[in-house]
Colleague: 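To start, I am sharing the structure in question, which I have written as structure tokens.
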Amino acid sequence: MSQEIDTHKGIIAWFARNHVAANLLMWILLFGGVFGIFTIHKQVFPTFEFNVISVQVPYLGAAPQEVEEGVVLKLEEAVKDLEGIKRLTSRSVEGFGSLSIEVEDDYDVQLLLDEVKVQVDAIPSFPANTEKPVVYRVKAPQDVLWISSYGDASEKELKEFSKNLRDDIANLPGVSDVRVVGDRPYEISIEISEANLQKYNLTFNELVSAVRRSSIDIPGGSIRSDNGDILLRAKGQAYDAYDFASIVLVTRQDGTRLLLGDIATINDGFVEDNALAYFDGKPAISIQVRAVGDQNALEISKRVNEYLDGVRGDFPPNIQADTWGDSSFYLADRLNMMLENMGFGALLVFLVLSLFLKIRLAFWVIWGLPVCFLGTLAVLPMEFLSVSINMISLFGFILVLGIVVDDAIIMGESAYTAMDKDGHSVDNIIKGVKRVAMPATFGVLTTIAAFSPMMMVSGTFGVIWKTIGGVVIVCLVFSLIESKLILPAHLAHMKNTPYDPKKANALQRFRDFFAEGIKVFIYTKYVPFLKKAIKNRYTTLATFIGIFILTIGLFTGGIVKFVFFPTIPSDFMFANVELEQGSSLIQRDKAIRTLMQSLDDMDVQLQRETGEGAVKHSIAFSQGALGGQVFVELSKGEDRSITDIELYDRWRDKVPEIPGVKTFNIGAPGGPGGGSDLSFEFSGKNIDNMRFVADELKDFLSQYEGVSDINDSFANGSDEIRINIKPLGEALGLSLSSLAQQVRYGFYGAEAQRIQRDDEEIKVMVRYPKEQRNSIGNLETMRVRAANGDEIPFQEVADIEVGQGYTSINRVDGNVHQCDSEGESRHY
């Protein structure tokens with residue numbers, strides 16, 4: 001058969017005889033890969049392109065039903081007939097409405113975005129208190145790390161410190177996307193009592209007008225003199241509490257003046273928000289650092305951490321700052337895993353091949369690994385692939401690591417056999433390589449064909465499969481190039497010393513002994529057994545069919561369990577708590593602190609038992625008026641002996657009974673293997689009917705053994721007071737609109753103006769003092785101004801009706817939507 005192989009024709013023969021060309025090709029791949037290492041984009045995850053458009057409209061002070069009727073329904077009606085829409089999802093909460101538009105996979109998202117903007121801008125009848133709609137395409141953030149500023153400091157100190165720290169970090173080379181998260185916006189609140197309004201015969205509208213008249217900067221043009229232009233400007237803009245207190249309301253005939261500060265309390269503070277946040281048990285504000293474009297996540301993390309280490313000594317004594325959630329650690333860890341696997345794998349293959357082949361030959365076989373990988377790194381950044389170094393692409397490298405070397409092993413072993421049989425020459429190397437080139441090539445092409453469908457996956461997360469498939473396919477292509485073109489040239493021109501048993505060293509004698517032992521096993525055991533299996537082919541076939549049936553039986557019989565995704569160990573965990581409707585903010589805060597204390601108790605007990613703690617950092621924050629979460633960063637899995645599952649159980653055992661709890665669970669952040677095992681979605685026009693069906697399903701599911709953690713997304717809304725005008729009020733010239741506006745001004749506030757102070761826009765609000773708007777009695781004793789200026793008690797002109805609203809209203813394709821979820825028994 002060897003005589004039939006032409007050793008002078010074909011690309012394999014050409015490269016084998018022209019080792020300069022082979023080496024040139026090899027060095028091009030190596031240097032290209034080294035260049036690619038320094039230039040390729042490094043990020044934690046590939047950039048996801050969400051085919052989703054978001055429309056957000058603030059409706060300040062409005063209840064969810066009002067948001068739905070005044071904003072969301074109009075948004076849905078405006079865009080529902082546009083081409084390319086796959087799904088419409090809306091959410092109405094207090095003071096805010098949003099619409100999410102999922103775009104068809106094959107439709108131009110930018111085109112639909114432009115059409116949505118046109119349709120939203122054309123809506124003529126948004127309520128008066130809505131803000132300008134914001135329309136944008138949803139993008140996946142590339143979080144690198146978080147920084148929390150915390151300590152025994154005032155909220156203003158923490159906020160100013162965090163803003164200054166943000167500015168310093170944003171000025172670091174290669175860092176641009178840095179934002180403060182969890183801070184309350186500044187607000188100037190002008191609070192005047194009902195008694196003073198009556199005493200000085202004033203209304204909220206008059207106070208608002210006075211602020212707008214006096215707190216202004218107006219350019220007046222310029223005087224064009226011979227000596228140059230002189231700008232004219234009326235400068236009276238108020239910027240702080242002192243400036244607003246000095247605004248003149250009334251100038252009397254005797255020259256005395258009534259100032260705003262004489263009758264009102266001006267608070268230069270924060271918006272009224274009941275949120276709280278703690279880091280390691282102390283009040284905190286966080287800073288989020290992201291990577292954008294081609295920024296290097298590893299470099300960003302390094303520079304931010306180095307900067308913090310250098311300036312910690314300059315921090316105020318009552319404020320600290322620590323990093324957490326550094327995702328670049330996992331990118332570096334995956335990169336180290338790939339390099340370690342490649343190193344140990346290459347060493348293992350080299351040692352094994354050295355037992356059968358010559359050491360030089362084994363070296364050239366292993367040399368194919370860096371050639372394939374560096375060649376791949378040279379190609380990945382190119383536009384037709386645009387693959388970065390990230391967690392997913394590194395997984396692709398690890399996956400293909402054990403495949404790419406197989407081709408070179410086959411080529412090398414065949415060449416060695418020809419060389420061992422007929423002597424070392426270029427012709428014999430070419431014969432050996434060509435003998436197996438065709439089947440080896442089709443073996444690699446078969447693997448490429450298996451991964452090719454990944455390149456055709458569409459949708460938001462199709463980039464994950466394309467990244468894996470792209471890395472594997474390119475690596476396999478370069479394995480073909482290296483094993484068929486580069487390796488034969490190295491084998492043909494390597495120095496070959498004939499084996500002399502008399503001059504052989506201990507390693508050569510051991511290799512000879514081992515190789516001869518394997519040959520004996522092959523020819524005395526394996527070949528006879530193989531011949532019998534081929535001769536008795538029906539028995540062989542029946543044996544494999546029986547094994548296959550047995551394997552299927554292991555699954556169907558429940559002996560081998562099946563899960564779609566395994567539960568992946570995590571370095572993070574959290575606890576969520578939600579209280580029943582009617583619970584106070586004091587109860588909510590107490591529940592959050594209970595979770596924090598139980599976490600500390602668990603960690604202290606763990607330290608006593610094992611000598612090591614598991615909690616690195618804890619971040620606690622409120623979620624609305626009734627809920628909260630404690631998010632925990634654990635020490636890395638390789639540094640602790642206890643698993644995250646055990647920590648869930650230990651933490652749960654330490655949590656005492658919390659009064660008024662509606663839902664409570666402990667688990668790990670979402671991802672493969674996380675979340676509910678089953679979920680059921682209900683949609684319809686009637687919320688009450690959906691609630692009834694959901695409760696029935698929950699009761700039914702609870703009857704099954706092993707089913708636990710059955711929760712639903714329905715939340716009872718807060719109590720609300722509905723105002724109706726009486727006939728007497730209408731007779732006095734009042735309308736429901738003017739009545740509602742006066743109530744809004746007193747209890748929510750009238751926005752007098754917005755000022756720009758430093759880098760933040762600040763609202764100036766006029767309202768009642770807090771102690772005069774915290775009960776129904778305050779509403780009932782309120783005075784309403786009629787059109788003729790008369791002041792009438794609220795009860796005389798209006799009725800109130802106490803009812804219950806909804807915390808949020810979710811709609812999918814025009815129908816009200818709700819979910820019930822069945823969780824795993826190990827989650828709490």
Side-chain angles (χ1 to χ4, degrees), residues 54-80 87-101 120 123 125-134 271-275 576 578-585 588 622-628 662-663 681-695 711-724 736-737 740-741 743-744 747-749 773 776 779 800-820:
S54 178
V55 185
Q56 298 184 349
V57 183
Y59 185 4
L60 305 179
Q65 292 100 318
E66 294 173 314
V67 174
E68 181 188 33
E69 295 170 4
V71 174
V72 168
L73 292 179
K74 293 177 180 179
L75 291 175
E76 291 182 352
E77 185 66 26
V79 305
K80 68 178 184 180
R87 182 183 175 98
L88 291 176
T89 305
S90 65
R91 180 174 176 82
S92 305
V93 298
E94 183 177 350
F96 191 80
S98 63
L99 177 67
S100 180
I101 305 170
V120 171
I123 297 175
S125 56
F126 278 134
N129 295 309
T130 57
E131 302 276 338
K132 183 177 176 63
V134 178
V271 298
E272 293 184 352
D273 189 347
N274 298 315
N576 281 329
E578 182 182 0
L579 303 182
E580 292 287 356
Q581 183 60 43
S583 301
S584 66
L585 292 173
R588 181 204 67 179
S622 58
Q623 294 180 314
L626 299 175
K662 178 188 176 185
T663 60
E681 178 180 304
F682 297 96
S683 62
K685 300 294 185 183
N686 191 302
I687 297 179
D688 294 329
N689 289 344
M690 289 202 317
R691 179 64 190 270
F692 174 78
V693 174
D695 289 340
N711 299 313
D712 64 71
S713 63
F714 186 90
N716 291 318
S718 57
D719 293 334
E720 64 178 22
I721 296 174
R722 303 182 181 101
I723 300 172
N724 300 306
L736 183 60
S737 173
Q741 185 184 62
V743 172
R744 177 185 173 86
F747 286 82
Y748 177 78
R773 49 188 169 87
I776 298 178
L779 176 64
I800 60 174
E801 177 185 351
V802 180
Q804 191 176 69
Y806 297 105
T807 302
S808 65
I809 301 175
N810 302 325
R811 298 166 59 88
V812 176
D813 291 333
N815 293 319
V816 181
H817 162 81
Q818 178 181 351
C819 286
D820 291 322

Colleague: Given Val67, which of Ser98, Ser92, Pro127 fulfils the side chain to side chain contact (heavy atoms under 4.5 Å, CB included) condition?
Modeller: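 Answer to the side chain to side chain contact (heavy atoms under 4.5 Å, CB included) test with Val67 among Ser98, Ser92, Pro127: Ser92.
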Colleague: How many angstroms lie between atom CG of Leu60 and atom CZ of Arg744, to the nearest 0.5 angstrom?
Modeller: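 Spacing of CG (Leu60) from CZ (Arg744) equals 6.5 Å.
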Colleague: Are there more than 12 heavy atoms of other residues, nucleotides or ligands under 6.0 Å from atom CD1 of Ile776?
Modeller: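 For Ile776, atom CD1 is not crowded (no more than 12 foreign heavy atoms under 6.0 Å).
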Colleague: Once you round to the nearest 0.5 Å, how far does OH of Tyr59 lie from CD of Glu68?
Modeller: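 Spacing of OH (Tyr59) from CD (Glu68) equals 13.0 Å.
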Colleague: Find the distance between CG (Leu579) and OG (Ser584) and round it off to the nearest 0.5 Å.
Modeller: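 Reported to 0.5 Å precision, the distance equals 8.5 Å.
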Colleague: Using side-chain heavy atoms (C-beta onward) and a distance below 4.5 Å, is Leu779 in contact with Val743?
Modeller: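 Leu779 vs Val743: side chains touch.
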Colleague: Can you tell me how far apart CZ (Arg722) and CD (Gln65) are? Round to the nearest 0.5 Å.
Modeller: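 The CD atom of Gln65 is 7.0 Å from CZ of Arg722, to the nearest 0.5 Å.
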Colleague: Would you say that Ile101 contacts Leu88 through its side chain, given a criterion of any heavy-atom pair below 4.5 Å between the two side chains?
Modeller: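 Counting from C-beta outward, Ile101 and Leu88 do come under 4.5 Å.
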Colleague: Give a yes or no on whether the backbone of Ser100 and the side-chain of Arg91 come within a donor-acceptor separation of less than 3.5 Å.
Modeller: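 No; zero donor-acceptor contacts below 3.5 Å.
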Colleague: To the nearest 0.5 Å, how far apart are OG1 in Thr89 and CZ in Arg811?
Modeller: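 The CZ atom of Arg811 is 11.0 Å from OG1 of Thr89, to the nearest 0.5 Å.
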Colleague: Return the minimal non-hydrogen interatomic distance between Gly70 and Lys74, and the atom names on each side.
Modeller: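 Closest heavy-atom pair between Gly70 and Lys74: O-CD, 3.3 Å.
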Colleague: Between Leu585 and Ala625, what is the shortest heavy-atom contact and its length?
Modeller: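 Result for this residue pair: CD2-O, 3.8 Å.
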Colleague: So how far is it from Phe126 CZ to Glu131 CD, rounded to the nearest 0.5 Å?
Modeller: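 Here the interatomic distance stands at 12.0 Å.
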Colleague: Is Leu626 close to Arg588 at the side-chain level, that is, under 4.5 Å between some pair of heavy atoms?
Modeller: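 A side-chain contact is absent here, since even the closest heavy-atom pair is not under 4.5 Å.
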Colleague: Just do the side-chain contact (heavy atoms from CB on, under 4.5 Å) check on Ile123 and Leu75 with the steps written out, would you?
Modeller: CA-CA 8 Å; Ile123 297 175; Leu75 291 175; 3.9 Å; yes
